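This report refers to the structure that appears directly beneath it.
Order of the sequence lines fixes the chain letters, A, B, ..., with proteins taken first and strands second; residue numbering starts at 1 for each chain. Please read these numbers as outputs of a predicted model, since none were measured by experiment.
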Protein chains: 2
Amino acid sequence: MSRGAYAKGAVKREEILAVALDVVAKSGCRKATSREIAERVGLTQPGLMHYFGSREELYQEVLRARDDSDLAEYYAPNPRFEGFLAVIRHNTEVPGLVQLYAEFAAEASIAGHPAHEFFVQRYAWVRGLLAEAIRRAQEEGEMGPDLDAAEAADLIVAASDGLQVEWLHDPTVDMTRRLTRLWELLRRSSWFESTSGRP
Amino acid sequence: MSRGAYAKGAVKREEILAVALDVVAKSGCRKATSREIAERVGLTQPGLMHYFGSREELYQEVLRARDDSDLAEYYAPNPRFEGFLAVIRHNTEVPGLVQLYAEFAAEASIAGHPAHEFFVQRYAWVRGLLAEAIRRAQEEGEMGPDLDAAEAADLIVAASDGLQVEWLHDPTVDMTRRLTRLWELLRRSSWFESTSGRP
DNA sequence: GTCTATAAAAGGATAGAC
DNA sequence: GTCTATCCTTTTATAGAC
């Protein structure tokens, strides 16, 4: 039954992705070992490598899987800022994910890193998603028409990336509140521009 | 002559801090080894350990030394947003520093990490510095009086932290421009608030 | 698919010479 | 203050058996 075999493999993969987050939450991405992840899912370390050829591939897949589910749950069919905020809020309950994202994104920024390209594309994806959300807000009249959506999206993405690292150091940091503040700022400024632009 | 001995030790320390940045720029903080840093300054690895007891201590000192020199060169006697921008612009020429900051800050966010407390205090320091710069801008009438300086400072710090990781992945990202945009946004909004606050 | 065995390399630490 | 010489541990990755 290849059906069953595939299913089992897929289930095991899911389990590994989830356990990886637990281990990273506890030890951080640098100190997390494939051996510990393997043992926690009842495998040896080489056994784990059968599913993900390398540490980098495993971590990349963790992030990709989360992006996929976030897209389905929070952004589809139309991305909105509220969805983005919901993702951030949800991340608060998955510290391993935030830890992994922060550490791995920084690690992968070095030229030639196996996950470098993944992050470059991911940046483009998130920024595009948010720019779309802003354009939608503009169409609906929530946001002023003269605001540069791409520019505003870039600011929101940068702020939320920075906030997540800060939050890891100090979980009392209220990411949602700060990002909402930025959103209001953009909204006010967007109307200010469109009126002040006329003499 | 203890004077000469001390001086030599201090010079060597400086040299180590500088070379550490080179190695981190090339390999990243995770892949950089104390052995390579040691050899590049003409020491063995145990010889390096004489100066900095551990990898974490070395990296922490790199960042602390840079903060000290930034404070003297760009912030003293009075911090201003222009100084903050100048630091960001200057960082652009020291990719190893940005790489180290991004990777090490993320790594150290795990509870119990030797540099965790350093970063917690550093966050407080930077945010305070920027809040002071904003209050100064308010006193001088550049920034509206009703803006919450601490809140605005937090946004700038978060955005600049996020931008630096993004810039590592794609050096065409113009950090200075984006942060200037955020500053203008805050400025506009600060006036908007102070006028719209009155019926 | 999963294991055993093991390579290869790195991190960190120590003892003792000079 | 710095070296040589190790040592021990851990991590990732591979080879090949079952």
Report task. Using a strict 4.0 Å threshold on nitrogen-to-oxygen distance, state whether B/Arg135 and B/Glu132 make a salt bridge. Result ->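 Not counted as a salt bridge, because no side-chain N and carboxylate O are separated by less than 4.0 Å.
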**Report entry** Contact nearer the 5' end of DNA chain C, comparing B/Gly53 with A/Arg35
**Finding:**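 Looking at the nearest nucleotide for each, A/Arg35 comes out on the 5' side.
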Query raised in the report: Which residue, A/Leu48 or B/Arg55, contacts DNA chain C at a nucleotide closer to its 5' end, judged by nearest heavy atom?
Result: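 Its nearest nucleotide being more 5', the pick is A/Leu48.
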Query raised in the report: Using the ring of each side chain (for Trp, its six-membered ring), is A/Tyr74 parallel, tilted or perpendicular to A/His90, with breaks at 30° and 60°?
Result: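 Tilted: the ring planes of A/Tyr74 and A/His90 meet at 30° to 60°.
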Requested in this report: Quick one: sort the B/Trp125 and B/Tyr75 rings into parallel, tilted or perpendicular, breaks at 30° and 60°.
Outcome: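 B/Trp125 and B/Tyr75: perpendicular rings.
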Query raised in the report: A/Ser54 near the nucleic acid: base, sugar-phosphate alone, or nothing, with a heavy-atom cut-off under 4.0 Å?
Result: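 Sugar-phosphate contact only - A/Ser54 comes under 4.0 Å of backbone atoms but never of a base.
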Report task. Could you tell me which residues satisfy side chain to side chain contact (heavy atoms under 4.5 Å, CB included) with B/Glu140, sequence neighbours excluded, listed by chain and number? Result ->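 Here the qualifying residues are B/Arg80, B/Arg136.
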Query raised in the report: Can you find a side chain N or O atom of B/Thr33 that sits less than 4.0 Å from OP1 or OP2 on C/dA10?
Result: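 Answer no for this pair, as no side-chain N or O of B/Thr33 is under 4.0 Å from OP1 or OP2.
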Query - Donor on one side chain, acceptor on other, A/Trp183 and A/Glu142, under 3.5 Å - result: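 Yes.
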Report task. First locate atom CD1 of A/Ile156, then atom CG of A/Leu130, and finally report the distance between them rounded to the nearest 0.5 Å. Result ->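 Nearest 0.5 Å value for the CD1-CG distance: 5.0 Å.
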Query raised in the report: When rounded to the nearest 0.5 angstrom, what is the spacing between CG in A/Leu97 and CZ in A/Phe104?
Result: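 One gets 13.0 Å once the value is rounded to the nearest 0.5 Å.
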Query raised in the report: Given B/Glu56 and B/Gln60, is the side chain to side chain donor-acceptor pair (under 3.5 Å) satisfied, shown in steps?
Result: CA-CA 6 Å; B/Glu56 287 85 3; B/Gln60 183 176 314; over 6 Å; no
For [X] and [N], give me the distance from atom [atom1] to atom [atom2], rounded to whole Å.
X	N	atom1	atom2	answer
B/Phe52	C/dG11	CZ	C1'	18 Å
B/His50	C/dA13	NE2	C1'	16 Å
A/Lys12	C/dC3	NZ	C1'	14 Å
A/Met49	C/dA7	CE	C1'	14 Å
B/Leu58	C/dG12	CG	P	10 Å

Requested in this report: Identify, residue by residue, the members of residues 21-31 of chain B with a heavy atom below 4.0 Å from DNA chain C, and return them in order of residue number, or none.
Outcome: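 None, since no heavy atom is under 4.0 Å.
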Report task. Enumerate the residues from residues 36-47 of chain A whose closest heavy atom to DNA chain D is under 4.0 Å, giving them by residue number; use none for an empty result. Result ->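 Those residues whose heavy atoms fall under 4.0 Å from DNA chain D, taken from residues 36-47 of chain A in numerical order, are A/Gln45, A/Pro46.
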Query raised in the report: Any chain of hydrophobic side-chain contacts (each under 4.5 Å) joining A/Tyr123 to B/Trp167?
Result: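 They do not share one cluster, since no chain of ILVMFWY contacts under 4.5 Å joins A/Tyr123 to B/Trp167.
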